[in-house]
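Presented below is the structure to which this report refers.
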Number of protein chains: 2
Amino acid sequence: MITPSAEVSGIPEQSPGSALSQSTTNRVTINDVAQAAGVSVSTVSKVVNARYGVAPSTMERVLQVIAELGYETSLVASSLRSSRTNIIGILVAEFEPFALELLNGISATLRGTQYDLMAYAGNLAPGGRAGWEHRSLSRLGGTLIDGAIIVTPTVEIPHSSVPVIAIDPHAGTSGPAAIDVDNFGGAKTATEHLISLGHRRIGHIKGRSDLKSAHLRESGYRQALQDAGISYDPQLVHDGDYQRDLAAIAATDLLTLPQPPTAIFAANDLSALSAIETAKSLGLNVPNDLSVIGFDDIPEAAQSKPTLSTVRQPMHEMGATAVTLLLSMLAGEEVTQPAQMPASLIPRESTATAPQP
Amino acid sequence: MITPSAEVSGIPEQSPGSALSQSTTNRVTINDVAQAAGVSVSTVSKVVNARYGVAPSTMERVLQVIAELGYETSLVASSLRSSRTNIIGILVAEFEPFALELLNGISATLRGTQYDLMAYAGNLAPGGRAGWEHRSLSRLGGTLIDGAIIVTPTVEIPHSSVPVIAIDPHAGTSGPAAIDVDNFGGAKTATEHLISLGHRRIGHIKGRSDLKSAHLRESGYRQALQDAGISYDPQLVHDGDYQRDLAAIAATDLLTLPQPPTAIFAANDLSALSAIETAKSLGLNVPNDLSVIGFDDIPEAAQSKPTLSTVRQPMHEMGATAVTLLLSMLAGEEVTQPAQMPASLIPRESTATAPQP
DNA sequence: CTGTTAGCGCATTCAG
DNA sequence: CTGAATGCGCTAACAG
C-alpha cells in the first residue's frame with residue numbers, strides 16, 4: 001500500500017557541494033551541531049527538546065544548523081539518559097503470520113498516538129534458546145521502550161521494569177496482564193462443525209505439547225466428541241507440534257490407518273494446510289474424501305486450494321486490545337485482569353459432508 | 001518509570017518518601033552483578049562477552065550471579081559503546097500489508113544467521129511529516145542497527161553511516177542499492193491479458209503521479225496497447241492516485257463515458273477493488289460486463305467478490321533479496337546495482353472474455 | 001589475571 | 001540565558 005505522506009513542503013534542498021555536509025560515514029551528533037552553531041552542547045539539547053531558557057536568536061541559529069546538517073537525536077543515547085522514549089516494543093520470537101497480523105492491529109491502533117512502534121524478533125539467531133522473552137524484555141526494557149507487548153511467550157514473564165502485556169501466553173496465568181483467544185471453545189466449535197457435517201471419525205493433529213493452547217484445543221476437540229457421543233480413539237490423535245513438517249508426518253500416519261478418519265481438525269492453520277497437501281499427495285480429494293479444518297485464520301488460509309475452513313482468532317482486535325491496555329498502564333492505571341477474545345467459525349471449502357460409506 | 005503529569009503544575013517530582021518509585025523493579029545492571037559477585041564491572045563485561053583473561057573460578061562465580069539475578073546486557077548501553085550490534089533494522093512508515101509481507105520474507109531469510117531483526121515504524125505519531133526515512137535512519141543508524149532496509153521510501157535516501165537497501169523506492173534512482181518489481185513489464189502483462197481476452201477498449205486508472213512506479217505502470221499499459229495495434233485514447237486514462245476514493249471517481253468517469261471501456265487496468269489493487277465496487281453500484285456485472293485487473297496482489301485481492309485478477313509482486317522474494325544484498329554489504333562487499341524482481345500475472349475471477357457487441 | 005580509566009551521545013543539574 | 005560538569009550502562013584500552 002502506498003503511504004499518503006503528503007510531501008507538501010519539501011525538505012530543504014541540500015546542495016551537493018555544501019561545505020556543511022560532512023564527508024560521509026559518520027553520524028551527525030549533537031557535538032557537530034554545537035560546534036557548527038558556535039554554542040555548547042547543552043544549548044543544542046535544550047533547543048531540540050524545546051526547553052525554556054534559550055534566546056530566540058540562538059534558538060533560530062541552532063535550528064538552522066540542525067536543518068542543514070540533518071541532525072536527529074540518537075535514540076540510543078537519549079534513551080540511555082532519560083527514561084521516557086515514546087516507543088512501544090512488540091517482542092516476538094520471529095515474524096510469523098500470527099505475529100504479523102497482530103502487528104497490523106497494533107500499528108493501526110497506535111496511529112495518531114504519541115508512540116512509535118518497534119518490533120523486535122529476538123529469537124532468530126541460531127541456538128535460539130528458550131527464554132527469548134526475558135532476554136528481549138531485559139535488553140530493551142527500562143531503556144529503549146516504555147512498555148512491551150510480548151507475543152506468544154512460552155515461559156513465565158518475570159518482573160519487569162516496564163509495563164508488559166502478553167498476547168496468547170502459552171504458559172501459566174500468573175504473569176502480566178494477558179490476552180488470549182478462547183482456545184477451548186474454538187476447538188469445540190471446529191469439531192462440532194465437522195460432526196454436524198456427518199463426520200464420525202475425526203482425527204486431530206495436536207499442537208506443541210508444552211503449550212497451554214495446544215492442550216486447550218485438544219480438550220475442546222475431546223469435549224465436542226463426548227457431547228456428540230463419539231468415543232475417543234487415541235489412534236486418531238497425532239502430534240504436529242504446530243509445525244508444517246511434523247504435521248505432514250502426522251497426517252500421513254492418520255491417513256494410512258486401516259480405517260482412516262474422514263475429517264481432521266488440526267490445531268493450527270499451518271498444520272491444516274500441511275495436512276491438505278499430504279492428502280492430495282496420497283491421491284485424496286479435499287473436501288470430498290477428507291474434510292480439514294484449522295485454527296487461527298492466517299491470511300494463507302483464504303488463498304489455499306481449496307480455501308481452508310478454520311476458526312478465526314480476532315488478531316486485529318487482540319492487538320488493539322493489547323495497545324489499549326498497555327496505554328492505560330503507561331498512564332499509571334493498574335491493569336491485571338486478563339482478557340479473552342471469542343473465536344469464530346469460518347467455514348470455507350475444505351470441509352464438506354462426510355462421504356457415504 | 002511513570003511520570004505523573006503533575007509536571008505542568010510545577011510540583012517537583014520525586015517526593016522524598018516515594019515508595020512508589022521503589023516498587024517498580026529496577027533493571028539489573030552490570031553494576032549489580034559486579035557488586036554481588038565481588039568483582040569489578042569490567043570483569044563482568046569480559047565474562048559476558050566471553051573474552052579471554054578471566055580465571056575459571058571467577059568466571060563461574062560471575063556466571064552464577066548472572067543467572068541468579070537474570071541479568072542481560074542492555075542493548076542500548078552496549079550499542080552506544082561498541083559499533084556492532086548484530087541487529088538489522090527494517091524501517092517502515094507503518095505496518096501495512098505490503099511491509100508486513102516483506103517482513104515475513106526478511107525474517108525467514110535472516111533465521112539462522114547471527115542477526116536479530118528490529119522493525120521500526122517511525123511515522124505513526126501525529127503530524128507525521130515526510131522524511132521519516134531520514135529521521136528513522138538517523139536515529140537508529142550508527143548506533144542501534146548494523147544495517148537497514150527501508151520500505152517504500154518516497155524521498156531520496158541520504159548518505160548514511162550504515163549500509164542501506166531500499167525496497168520499492170518511489171523516488172529517483174540515485175539513492176542506495178534498491179530493489180523493486182518490474183513495474184513496466186507487469187503493467188504490460190496485465191494489459192496484454194485483457195487484450196488476449198478480446199478487449200479492445202481498455203481503461204487505465206493511474207497511480208500517484210509523483211511516484212516513479214505509477215509512470216512505469218502507465219508506460220507498460222501504453223506499450224501493450226501499441227504492440228497490439230490499439231490506438232491510445234486519452235479519454236480512457238484517469239487519475240486514481242493509488243487511493244480508494246479517487247479511484248472510485250475515476251472509475252465512475254470511465255464507466256459513464258458515451259462509449260465506456262469493457263476492461264480496466266488499475267494501477268494498484270486498492271484502485272481495482274474500488275473500481276469493482278463502483279461498477280457494481282452502476283449495475284454492471286464484473287466480469288461479464290466489465291473486466292478489472294489490478295497490481296500488487298495484496299491479501300484482500302484473493303478475498304474480494306469476485307476475486308481480483310492482478311499482477312503479483314513477489315514480496316517474500318523481495319525481502320529475501322534485500323537481506324542477501326544487505327548481508328553482503330555488511331560483509332564488506334560493494335553493492336550498488338539495483339535488483340529488479342519479476343511480476344507475475346495472477347488471473348482470478350474479475351477478468352473474462354470481452355462481451356460481444 | 002584483574003581493576004582502573006576513558007569515553008560512546010545525550011539530558012540534566014548547577015554555576016557563572 | 002548559557003556552558004561546564006556529571007552520569008546513564010557498557011566496552012575497550014591500559015595499568016597493576
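Just so we're on the same page: letters track the sequence lines, and every chain starts at 1. Computed from a predicted model, the values in this text were never measured in an experiment.
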Nucleotide N/O to protein N/O under 3.5 Å, stretch nucleotides 13-16 of chain C:
none

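Residue A:R139 places no side-chain N or O under 4.0 Å from the OP1 or OP2 atom of D:dC10. An OP1 or OP2 oxygen of C:dA11 is reached within less than 4.0 angstrom by a side-chain nitrogen or oxygen of A:S45. OP1 or OP2 of D:dG3 has at least one side-chain nitrogen or oxygen of A:S40 nearer than 4.0 Å. Between B:T58 and C:dT2 there is a side-chain N or O to OP1 or OP2 distance below 4.0 Å. Not one side-chain nitrogen or oxygen of A:S74 sits closer than 4.0 Å to the OP1 or OP2 atom of C:dG9. Distances shorter than 4.0 Å separate none of the side-chain N or O atoms of A:N31 from OP1 or OP2 on C:dC10. OP1 and OP2 of C:dG9 both lie 4.0 Å or more from every side-chain N or O belonging to A:T29.
Across all strands, A:T143 comes closer than 4.0 Å to no nucleic acid atom at all (heavy-atom distances). A:V41 comes within 4.0 angstrom of no nucleic acid atom, judged by non-hydrogen atoms across all strands.
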| task | Kindly express the pairing pattern of DNA chain D in dot-bracket notation, using | wherever a base pairs with another strand and counting only Watson-Crick or G-U pairs under 3.5 Å. | result | ||||||||||||||.|
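The two residues B:R135 and B:G122 make their nearest non-hydrogen contact at NH2-O, 3.2 Å.
The CD1 atom of B:I106 lies 15.0 Å from the OH atom of B:Y115; values are rounded to the nearest 0.5 Å.
Map B:S82 and B:G38 each onto its nearest nucleotide of DNA chain C; the residue landing nearer the 5' end is B:G38.
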